[in-house]
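Reviewing the structure listed below.
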Amino acid sequence: QVDLVESGGGSVMEGGSLRLSCVASGYSDKRYCMGWFRQAPGKEREGVALLYTGGGTPYYADSVKGRFTISQDDTWNSVWLQMNYLKPEDAATYYCAARRKNCDSASWSIVSDFDSWGQGTQVAVSS
């Protein structure tokens with residue numbers, strides 16, 4: 001497991017932007033499938049955007065493609081989620097997550113596959 005700390009949540013108007021940050025620590029091998037899930041009240045946690053820190057194509061939920069961009073820094077310690085054109089349905093608690101297993105198209109968004117989670121950061125979008 002790794003320690004994950006998120007920041008950057010907040011409240012915006014519909015169409016606005018936010019940038020979430022996740023900083024990882026407490027590991028020796030920095031290659032992880034790492035990224036963002038979200039959970040709205042009364043709904044299941046869902047994958048939003050993830051990448052493999054060792055390289056490769058990121059994965060996005062269909063609902064955020066073209067609006068959200070996940071990226072990482074050169075040290076592989078931090079992952080960011082740039083969220084543009086936010087909609088009310090994007091409002092949720094956003095969680096950073098990581099697992100040692102590589103990201104793949106079949107399992108990148110399976111919640112139970114991830115063993116490291118941040119504390120969550122709130123995103124509110126008003127219309």
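In this chain, numbering begins with 1 at the start of the sequence shown. Only heavy atoms go into these numbers, but all of them, side chains included; no hydrogens, no water, no symmetry mates.
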* Could you give all pairs that pass the ring pair (Phe, Tyr, Trp, His ring centres under 6.0 Å) test and reach residues 92-127, with sequence neighbours left out? -> Phe37-Phe114, Phe37-Trp117, Tyr59-Trp108
* To do: Using the rule that two of Ile, Leu, Val, Met, Phe, Trp, Tyr join whenever any of their side-chain heavy atoms come within less than 4.5 Å, decide whether Val79 and Leu50 are in one cluster.
  =>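 No: no chain of side-chain contacts under 4.5 Å links Val79 to Leu50.
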* Cluster question for you: counting only ILVMFWY and a side-chain heavy-atom cut-off of under 4.5 Å, with indirect links fine, are Tyr52 and Val2 together? -> no
Atom of [X], atom of [Y] and distance for their closest heavy-atom approach:
{"X": "Glu14", "Y": "Lys87", "value": "CG-CA, 4.3 Å"}
{"X": "Ala61", "Y": "Gly47", "value": "CB-O, 3.4 Å"}
{"X": "Gly54", "Y": "Arg31", "value": "CA-CG, 4.3 Å"}
{"X": "Leu4", "Y": "Ser116", "value": "CD1-O, 3.5 Å"}
{"X": "Asp115", "Y": "Gln1", "value": "O-NE2, 2.9 Å"}

* Presence of salt bridge, Asp62 and Lys65, under 4.0 angstrom ->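 Looking at Asp62 together with Lys65, the answer is yes, because their closest N to O distance falls below 4.0 Å.
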* Asked: Is the number of heavy atoms from other residues, nucleotides or ligands within 6.0 Å of CD (Glu44) greater than 12?
  ->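 No, not enclosed.
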For [Y], does its backbone N or O pair with a side-chain atom of [X] as donor and acceptor, under 3.5 Å?
{"X": "Tyr60", "Y": "Ile70", "answer": "yes"}
{"X": "Gln119", "Y": "Glu6", "answer": "yes"}
{"X": "Asp3", "Y": "Gly26", "answer": "no"}

* Heavy-atom distance under 4.5 Å between the side chains of Val123 and Met83, does that happen here? -> yes
* Asked: Can you find a heavy atom in the side chain of Gln72 that is under 4.5 Å from one in the side chain of Met34?
  ->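 Side-chain contact under 4.5 Å: no.
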* Stepwise side chain to side chain contact (heavy atoms under 4.5 Å, CB included) test for Val23 and Ser21 -> CA-CA 7 Å; Val23 179; Ser21 173; 4.1 Å; yes
* With sequence neighbours left out, what residues match Glu46 under salt bridge (Lys or Arg N to Asp or Glu O under 4.0 Å)? ->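 If we apply the salt bridge (Lys or Arg N to Asp or Glu O under 4.0 Å) test to Glu46, skipping adjacent residues, the hits are Arg38.
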* Structure fact -> With sequence neighbours left out, the residues meeting salt bridge (Lys or Arg N to Asp or Glu O under 4.0 Å) with Lys101 are Asp113
Atom pair [atom1]/[atom2] of [X] and [Y] - distance to nearest 0.5 Å:
{"X": "Thr121", "Y": "Leu81", "atom1": "OG1", "atom2": "CG", "value": "11.0 Å"}
{"X": "Ser127", "Y": "Leu86", "atom1": "OG", "atom2": "CG", "value": "13.0 Å"}
{"X": "Ser112", "Y": "Arg99", "atom1": "OG", "atom2": "CZ", "value": "9.5 Å"}

* To do: Taking side-chain contact (heavy atoms from CB on, under 4.5 Å) as the test, write out the residues that go with Ala40, two or more places apart.
  => Lys43, Ala92
* Applying the side-chain contact (heavy atoms from CB on, under 4.5 Å) test to Leu20, which of Trp80, Phe68, Trp36 qualifies? ->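 That would be Trp36; it is the only one of Trp80, Phe68, Trp36 passing the side-chain contact (heavy atoms from CB on, under 4.5 Å) with Leu20.
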* **Other cluster members, Tyr85 - Ile/Leu/Val/Met/Phe/Trp/Tyr, side-chain contacts below 4.5 Å** =>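 Result for Tyr85 is none, singleton.
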* To do: For residues 71-127, pull every pair meeting disulfide (SG to SG under 2.5 Å), keeping only residues two or more places apart or in separate chains.
  =>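 Non-adjacent pairs meeting disulfide (SG to SG under 2.5 Å): Cys22-Cys96, Cys33-Cys103.
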